[in-house]
Amino acid sequence: MLLNPVEKALMNNPIRAAIQRYGEGAALRRLGGRCDGARALEVGCGRGVGMRIIREEFGAAEIVAFDLDPDMVRLAGTGAYVADAEHIPEPDASFDAVFDFAILHHVPGWQRAIGEIARVLRPHGRFYFEEPTGKLTRMAAVRALLDHPEQGRFEPEEWFSAVENAGFEIQARRALLADRWLLGVATSR
Ligand SMILES: C[S@@+](CC[C@H](N)C(=O)[O-])C[C@H]1O[C@@H](n2cnc3c(N)ncnc32)[C@H](O)[C@@H]1O
């Protein structure tokens with residue numbers, strides 16, 4: 001689901017970029033380590049800040065990224081294309097790492113998208129993820145300002161089970177802000 005104008009403004013600004021780099025990105029690196037030399041995929045890359053973080057903070061050698069929104073892809077620039085996380089147009093076992101910076105709560109078939117991420121990762125590849133949960137996206141203020149699909153309002157246990165059911169082994173997992181945010185790193189078998 002595309003972002004509404006309010007959420008687009010919340011995502012496309014320097015404060016969000018700093019939170020993504022020094023908050024979420026740093027936390028994921030502490031949990032899962034760097035992926036030096038990796039061929040990495042970012043799902044839902046937005047305006048491309050994550051692509052720079054993956055290169056500069058995680059050490060990936062090559063980054064491919066996509067987003068459903070053509071405007072975001074234009075901002076992200078080289079290496080980004082338009083696609084849907086439920087149907088990732090990449091071959092099986094073609095990446096060493098996949099990054100999800102807060103996108104799958106926008107995807108009605110988020111379990112299918114996790115399955116697609118498992119498919120495109122090589123054995124022992126790493127899935128880095130961070131997502132707001134239903135406890136956050138159901139809050140009255142969030143509902144009033146932002147649009148999210150009802151099916152994307154998952155809770156931490158539901159998410160971590162779906163990751164395991166897709167064939168991953170979870171290396172590290174956290175639920176923060178009274179279960180309103182989750183993050184972690186999982187390894188494909
Ligand atoms: C909350 S924003 C996060 C953007 C960026 N990853 C960040 O952390 O700033 C969610 C992004 O997911 C994209 N998106 C929504 N549904 C998608 C889908 N089915 N497939 C790919 N991208 C999608 C939106 O266009 C948006 O750029």
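Below, each value reflects all heavy atoms present in this structure, side chains not excepted, and no hydrogens, waters or symmetry copies. Numbering of ligands and ligand atoms starts at 1, following listing order.
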[Y] versus [X], side-chain donor and acceptor atoms under 3.5 Å:
{"X": "T187", "Y": "E169", "value": "no"}
{"X": "E131", "Y": "W159", "value": "no"}
{"X": "H148", "Y": "R138", "value": "no"}

**Report entry** side-chain hydrogen bond (donor to acceptor under 3.5 Å, both in side chains) partners of residues 43-56, not counting sequence neighbours, each pair once
**Finding:**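 Every pair satisfying side-chain hydrogen bond (donor to acceptor under 3.5 Å, both in side chains) with a residue in residues 43-56: R21-E56.
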Query - Quiz item: cation-pi between R173 and F160, 6.0 Å / 45° - result: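 That pair qualifies as a cation-pi contact.
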Query raised in the report: Under a strict 4.0 Å criterion on non-hydrogen atoms, which protein residues are in contact with ligand 1?
Result: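 Ligand 1 is contacted, at a heavy-atom distance under 4.0 Å, by M1, L3, E7, M11, R16, Q20, E42, G44, G46, F66, D67, L68, D69, M72, A83, D84, A85, F101, A102, I103, H106, V107.
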Query raised in the report: How about H87: does its NE2 atom have over 12 heavy atoms from other parts shown lying under 6.0 Å from it?
Result: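 Yes - once you tally the heavy atoms of other residues, nucleotides and ligands closer than 6.0 Å, there are more than 12.
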